[in-house]
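Take a look at the structure below.
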Amino acid sequence: MSRLEKLQEFLKADPNDSFSRYGIALEYRSMKDFQQAIKILEELRTMDPKYLPLYYQLADCYRQAGDKTTAHKTYHEGIAVARSANDTHTLSELQAALEEMNDEEE
């Protein structure tokens with residue numbers, strides 16, 4: 001059984017498990033199936049908008065898929081959520097990723 005299949009089994013057992021849903025999205029991302037990763041991360045954002053790791057990965061998937069506008073928006077949303085959670089580590093990671101993307105566009 002692959003890691004993806006195991007995660008899907010975990011999610012089937014607990015459909016509200018944010019970590020399993022996130023892990024499934026990362027598996028699709030590693031396969032470069034950015035659209036499927038985006039779909040799952042968007043579901044996670046709807047279900048658990050305070051699950052901070054999703055914002056970095058979701059923005060990067062949009063970035064990899066060529067949707068820079070949505071990537072920008074997602075980074076900014078994640079920055080706001082990280083600030084409200086007082087999570088300085090995630091905040092700095094999101095800010096650095098946004099800055100890197102902005103530098104690439106110049």
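Owing to the predicted nature of the structure, the values given are computational and were not obtained by experimental measurement.
- A heavy-atom distance below 4.5 Å is found between the side chains of Ile38 and Gln35.
- Taking every heavy atom of both residues into account, Tyr56 and Ala97 meet most closely at CE1-CB, 3.6 Å.
- Side-chain heavy atoms closer than 4.5 Å link hydrophobic residues (I, L, V, M, F, W, Y) into clusters, and following such links, even through other members, never connects Leu58 to Met47.
- The backbone N or O of Val81 lies less than 3.5 Å from a partner atom in the side chain of Ser84, making a donor-acceptor pair.
- Between the CD atom in Glu5 and the CD atom in Glu27 there is a gap of 10.5 Å [rounded to 0.5 Å].
- Looking at heavy atoms from C-beta onward, Leu44 lies in side-chain contact with Ser18 at the 4.5 angstrom threshold.
- In this structure, Gln36 has no side-chain hydrogen bond (donor to acceptor under 3.5 Å, both in side chains) partners at least two apart in sequence or on a different chain.
- Heavy-atom neighbours of Phe19 CZ from other residues, nucleotides or ligands within 6.0 Å: at or below the threshold of 12.
- Separating the CD atom in Glu93 from the CG atom in Asp87 is a distance of 8.5 Å, to the nearest 0.5 Å.
- Separating the NE2 atom in His72 from the CD atom in Glu77 is a distance of 15.0 Å, to the nearest 0.5 Å.
- For Tyr62 against Glu42, the heavy-atom pair with the smallest separation is OH-OE2, 2.5 Å.
- Here the closest heavy-atom approach between residue Ala71 and residue Ala59 is recorded as CB-O, 3.4 Å.
- Applying the side chain to side chain contact (heavy atoms under 4.5 Å, CB included) criterion to Lys68, with sequence neighbours excluded, gives Arg63, Met101, Glu105.
- Taking the six-membered ring wherever Trp is involved, the centroid distance between the rings of Tyr22 and Tyr51 falls below 6.0 Å.
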> Given Thr88 and Arg83, is the side chain to side chain contact (heavy atoms under 4.5 Å, CB included) satisfied, shown in steps?
Replying inline: CA-CA 7 Å; Thr88 56; Arg83 274 197 184 112; over 6 Å; no
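- Nearest heavy-atom pair, Ser20 versus Phe10, reported as atom, atom and distance to 0.1 Å: OG-CB, 3.4 Å.
- Taken to the nearest 0.5 Å, the CD atom of Gln57 stands 10.0 Å off from the CD atom of Gln64.
- No continuous path of ILVMFWY side-chain contacts below 4.5 Å connects Leu11 to Leu26, so the two sit in separate hydrophobic clusters.
- Between the CG atom in Leu54 and the CG atom in Asp48 there is a gap of 7.5 Å [rounded to 0.5 Å].
- Note: Arg29 CZ to Leu41 CG = 9.5 Å, rounded to the nearest 0.5 Å.
- You'll find the side chain of Leu4 reaches within 4.5 Å of the side chain of Tyr28, heavy atoms only.
- The heavy-atom pair separating Ile40 from Arg21 by the smallest distance is CG2-O, 3.3 Å.
- Residues Ala25 and Ala37 share a closest heavy-atom pair of O-CB, 3.5 Å.
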